[in-house]
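Below is one structure, written out as structure tokens; comments come after it.
Naming convention: chains lettered A, B, ... in sequence-line order (proteins, then strands); numbering from 1 in each chain. This is a predicted model, so every value here is computed, not measured.
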Amino acid sequence: MTSHADALPFRAVDPELDFPRSEQEILEFWRRERVFERSLTARGPEAPAFTFYEGPPTANGMPHNGHVLTRVMKDLFPRFQAMQGKRALRKGGWDTHGLPVEVEVEKELRIHGKAAIQAYGVEPFVRRCIESVFRYTAEWERLTERIGFWVSLEDAYVTFHKSYVESVWWALSRLFERGLLYQGHKVVWWWAQGGTALSSGEVGQGYKTVDDPSVYALFPLVEQPHRALVVWTTTPWTLPSNGYAAVRPSTDYCVVRVGEPLPKRKAQPLELGPVEELIVAAALREQLSAKLGRELEVVGSSSSEQLEGLRYRPPFDTFAKERWGWTAKLADHDEEVPQWWRVIVEDFVALDSGTGIVHVAPAFGEDDGRAHARQRQRYADPDAVELLSAVEPDGSFKELVGTPYAGRWVKDCDKELIAELRARRLLLHEELYRHDYPFCWRAEQDPLIQFARPAWFIRTTAELARAKANNQAIQWLPPHVKDGRFGDFLDNNVDWALSRERFWGTPLNVWLCEGCDHREAPSSVAELTQRNPHAFDHWHAAKAADPTLQDDLMVHKPWIDEVTYPCPRCAGTMRRVPEVIDCWFDSGCMPFAQWGFPQLEGSREKLKEAFPANFISEAIDQTRGWFYSLLMVSTLVFDEATQRECLGETRPWPHPYERCIVLGHVSDRDGKKESKSRGNYTPPDIILDKVSMEYAVLELGQLEGGRPAVDASASRRGVALIAREDLEGMDLEEGAEVRLTSGVAPGRELRVQLRVAKHLPRRVAVLAPEDRAELGLGVAPKGLGQRPVEVPELPPEQRVRVEDPLTPAPGADAFRWFFYASSPPWNNTRHSLKNVRLYQKDYLVKLRNVYAFFTIYANIDGWRPGRCAEARPVAARPLLDRWLLSELALTVQAVTEQLEQYHAYDAALRLVDLVEGLSNWYLRRSRARFWGSGLGQDKLDAYATLHEALVTVAQLTAPFTPFFAEELYQNLVRRADPGAAVSVHLTDYPRAREERVDAELTAQMRAVRETVSLGLAVRAANRLKVRQPLARADVVLNDAALEPALRSHALLIQEELNVNELRLMVRAHTDGAVTFKLQPNFRVLGPRLGKDVQAAKQALAAVDGAQAFAELGREGRLRVLVGQTPLELSPEEVSVGVSAAPGFAAETGKVGVVVLHTTLSEELVDQGLLRELVSRVQALRKERGLAFTDRVRLRLSGTERIERVARAGLGHLQEECLASTVELLEDVSAPELELGEERVRLALERLEVP
RNA sequence: GGGCCAGUAGCUCAGGUGGUUAGAGCGCACGCCUGAUAAGCGUGAGGUCGGCAGUUCAAGUCUGCCCUGGCCCA
């Protein structure tokens, strides 16, 4: 059956705004028609590839708004490029390894530390890691689809898969062969009691404020034993492991003598033994003097450069007793120098506390470790220099420290160490120092220590020049990242600490021989099997016993640890090192590992095609993360030889990505970071699907004694109290009616009003007992202590869902658009439901209104896209049509250009401009053209123009707002033409019709719009309703060139301003309403006159503007007196502007001045009354709810003047009001209306259409 | 403590190479329109351009120092 609706040219646009609903239909359409899959193949196999790399998320947490931003940016450009004719491949990916995953699993199992994991069993632990990693995959996939992020998830790469791991092995194997892998030490935050390094996230959770000893120790100089460095440390237990003393670069130091006690100070007794003079930073001398309570007399000066290299006696001889004389050979010249106990220069030395000289124990501080690494670089054989550490991994002192310290927990020895220093006269000062120090977040009484662990490194510093060249070739957005944050990071590069003493990660593929020192890095399972055919027997046995075992696990701990093979050099056995690798290295291997290169068939071709990526995009925090790992891994692995071997050619920089869009963070509406624990977090669902949130249920009684001051009367039946922030979060006003539902009372709902209670925590709602009973709800026991983050975990009877029943959520397009259009993507974005709606209104809603208008009238007129052919050629169409099509062409040009440059924000701005002009000018000015009956030529032109504009906008906006673009396209194009491309996303991106660009017309229209605007401002300022016609408007132009332009739009201006006559003139008087203002043209005159230009300004302001302007015109120059000096000015040196004289009905703008003649003749008043009449009738029509096309019978009675006006304007009334008959009667029974001084009664009834 | 980025109207943002009345949209107020109607439109009020110095005839724009926020690193 063909319904009436199906017969319409266009499906009527739903008057209700519910974007999520139509988006669901479109999602279903895309699924059904497999539009994404088609878009990948539609351009044929020969189409050029466009490559995008997906930075893999970890799915062990819920996706949040930041993920929406990245996914939305990642989606935009491939969609655009696909419409530009490219094969835009988008392979998904999942990051699955790493410490955060292990920590999550530890939390679940309520175990902590290496030993606990081993006790639990590495095998079941690893299996739980896999489960954990995919815990929220479903949510991720749902969000991905819902926001319209097109990515191939079904063949997504997964970092723990065997093929991926083997690719990573291949890369490491390459680096190993080139000598870029070595063993060293890395300083980590170490939980000694548990034998585990903690991630920075874990460390951050465990800070406590504590008092630690702060020690000022003396390090006597070897050459001048009477002088000592005053060295500051807060970790006395690291002093036995001292290696260097560090001073700050380019800093003044002074030599002082300890003098008399300061007056009014408590001076401590000092026993300094042979030391007489102290060296401290000049800037900290007084501070130290105050601490000691003694004068410090300056007896000499020094600088960091002079101090550098001086040898000193370490405070403890733990290592010095054996190694004092040890030296090492320098790399750059043939010289042996002492390895230890020298002054070095380091940036990290601060001058805000201490002495400006810092104790460096390379094993016990990150700065210290790095400083040591730099020292090692000086030597011919860096590995010849060992690391001094007097501490065992369990946190106890080593035997070599000797009694009484050996075997004891280091921090317990602080006091005795200090006492020993004092006894040896090496202690200058001691005090307590209050600071924040990290403790283990699970074992809260255990302080962490920084501790050097043996680790494998990649020698990135060896290839740094190539990495930098690579960076230089990347197009960074914003550009400052290149030489700013990223460049700086490269400049300060240190070798990559690759290994991790953990369980869940890519195992480091280095095998060591037990018998000799032979090392190998096999690159695949196949290679291992070649070396030992039985290498994986244990795995196959395990798999036979448990067929559910995933094949990928054969390359993971614990199974891989059992793989051994005979040493090729001796009779020993090769065993793998125990470590796994940094998961950042995994992610950096993604360009080739996603294809399983080189071991998988076809991977070589795929790599060749998709290397480098055209663009990647992630947030700024990835600078040192993925941006770095990608660049570094590819720089290292793909040296020229490897490129030739793997790609068959060498590629110029950059690789592996040509462009990188660095995104800002998503913050709340106050610019604060969104955080679940603070509760200032807007879940994506609120934007995408339903404005609803869950709250913990509280009752009034729980507030007593707490901070919230709640008026007891505010809590009553039918009212829910919440925090103001929560109210704003749902974009609701106080008093809004909401729907309450509960998980324990399915199907039941309650309508209540929302009220704000001051100081209420977020995410709680106070309900009246009766209301709670209605929904079967209890209360959350924590009351005011309820934390937002815990709300979803509460039992169902303690939670209530609050939903806004009136306003649908903005939807996915709005969410996307918000991120594109609100600010450049590298700025931080202030996100809230309200803001998303704001930007939606500005663009999507406006566009939708134009679209709705179009369908209404096209349906009335039966206009179909086929009738486009009946429109005249563009050049012959009315000015307004030509203007719109010119704007359209310009916009196509600009948007395309911006998207090619990856400027999403600028492109979005252009689209907003276009839609603004389309709605606010073109349609407003064209509405009357659609009203008349029948399809005249002008109307045919208008339909064709508007239709084309809408279709083009649909295509332009398709990469940005794919859902609404699809709706437009389906209704405007495909409904009439089933042969058209199935989806807007399968069409070609619009090409600018350059022949239609009319820059002059654009400029003219701008002037017209400004003129109109000025005229309306005059009316507003003088309280002249637009409905009242005026006799005349004078437009006094600043620029003569605009005169003919405006003349051609005179009718339009008259109509907008409702004036009967328009006069255009160029810088002329109009009855004194205009004055002339002369100013220097500063750009020209400034350089000529210099300082005097200000005097010239005053002189010009003083002359009679009109006369001066006349003189300029007459003689081609102007003479003025500047002070006593005559000055001759050329026309270029003077800028003349007209402005409205005070007291006239006139306004000034850039184009010039608009003057309105405000005297009302009787005739004008009559004209005004007629318009009033029409207006009142239209209001009545609306009141009656009449359709646009309904015909009416109008009866009216009124004062004499009204009747005269009505009689004279009968035809006009009939036409404007669709009144078939207009009857003037003695008395109409209707309320009397006032029209100024006149009165009228109006009655109308609908006429049935015959 | 260091590096990078940002700070312009209530909000979100524009403001090549310095040029003298600092712009837009939204919001707000007032008004218009009533054949896009829970829509459309106009006008207006809001700014010591984060602060303080400096360079210059002239600074939102250049320089220095400082303040606030964000991120990264200590």
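Atom C1' of nucleotide B:rC30 and atom CZ of A:Arg1019 are separated by 17 Å, given to the nearest angstrom.
Taking 4.0 angstrom as the limit, A:Ser1175 places a side-chain polar atom (N or O) nearer than this to OP1 or OP2 of B:rU34.
In this view, A:Tyr843 and A:Trp817 satisfy the ring-ring contact (aromatic ring centres under 6.0 Å, His included) rule, not counting sequence neighbours. With sequence neighbours left out, the ring-ring contact (aromatic ring centres under 6.0 Å, His included) criterion links A:Phe818 to A:His831, A:Tyr839. With sequence neighbours left out, the ring-ring contact (aromatic ring centres under 6.0 Å, His included) criterion links A:Phe930 to A:Phe853, A:Tyr943. Residues satisfying the ring-ring contact (aromatic ring centres under 6.0 Å, His included) criterion with A:Phe1076, sequence neighbours excluded, are A:His1069, A:Phe1109. For A:Glu16, the side chain to side chain contact (heavy atoms under 4.5 Å, CB included) partners two or more places apart in sequence, or in a different chain, are A:Asp14, A:Arg21, A:Pro808.
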Check nucleotides 44-46 of chain B for protein N or O atoms closer than 3.5 Å to its own N or O atoms and list the pairs.
none

Are any protein N/O atoms closer than 3.5 Å to N/O atoms in nucleotides 64-66 of chain B? If there are, list each pair with its distance.
none

Anything under 3.5 Å between a protein N or O and an N or O of nucleotides 71-74 of chain B, put it in a table, one pair a line.
from: B:rC71; atom 1: O2'; to: A:Arg485; atom 2: NH1; distance (Å): 3.0
from: B:rC71; atom 1: O2; to: A:Arg485; atom 2: NH1; distance (Å): 3.4
from: B:rC71; atom 1: O2; to: A:Arg485; atom 2: NH2; distance (Å): 2.2
from: B:rC72; atom 1: O4'; to: A:Arg485; atom 2: NH1; distance (Å): 3.2
from: B:rC72; atom 1: O2'; to: A:Arg624; atom 2: NE; distance (Å): 2.6
from: B:rA74; atom 1: OP1; to: A:Glu366; atom 2: OE1; distance (Å): 2.9
from: B:rA74; atom 1: O3'; to: A:Asp367; atom 2: OD1; distance (Å): 3.4
from: B:rA74; atom 1: O3'; to: A:Asp367; atom 2: OD2; distance (Å): 3.0

Please tabulate, one pair per line, each protein N/O and nucleotide N/O from nucleotides 35-40 of chain B that are separated by under 3.5 Å, including the distance.
from: B:rG35; atom 1: OP1; to: A:Gln1178; atom 2: OE1; distance (Å): 3.0
from: B:rG35; atom 1: OP1; to: A:Gln1178; atom 2: NE2; distance (Å): 3.0
from: B:rG35; atom 1: O3'; to: A:Tyr857; atom 2: OH; distance (Å): 3.0
from: B:rG35; atom 1: O2'; to: A:Trp931; atom 2: NE1; distance (Å): 2.0
from: B:rG35; atom 1: N7; to: A:Glu1216; atom 2: O; distance (Å): 3.4
from: B:rG35; atom 1: O6; to: A:Glu1215; atom 2: O; distance (Å): 3.3
from: B:rG35; atom 1: N2; to: A:Trp931; atom 2: O; distance (Å): 2.3
from: B:rA36; atom 1: OP1; to: A:Arg927; atom 2: NH1; distance (Å): 2.6
from: B:rA36; atom 1: N6; to: A:Ser919; atom 2: O; distance (Å): 3.2
from: B:rA36; atom 1: N3; to: A:Asn849; atom 2: O; distance (Å): 3.3
from: B:rU37; atom 1: O2; to: A:Lys1182; atom 2: NZ; distance (Å): 3.1
from: B:rA39; atom 1: O3'; to: A:Asn849; atom 2: ND2; distance (Å): 3.2
from: B:rA39; atom 1: O2'; to: A:Asn849; atom 2: OD1; distance (Å): 3.4
from: B:rA39; atom 1: O2'; to: A:Asn849; atom 2: ND2; distance (Å): 3.4

Under-3.5 Å N/O pairs linking protein and nucleotides 17-22 of chain B:
from: B:rU20; atom 1: O2'; to: A:Gln1079; atom 2: NE2; distance (Å): 3.4

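Identified under the side-chain hydrogen bond (donor to acceptor under 3.5 Å, both in side chains) test for residues 1085-1101 of chain A, with sequence neighbours left out: A:Arg1088-A:Glu1133.
In RNA chain B, runs of at least 3 consecutive Watson-Crick or G-U pairs, each pair with both distances below 3.5 Å, span B:1-7 with B:67-73, B:10-13 with B:23-26, B:28-32 with B:40-44, B:50-54 with B:62-66.
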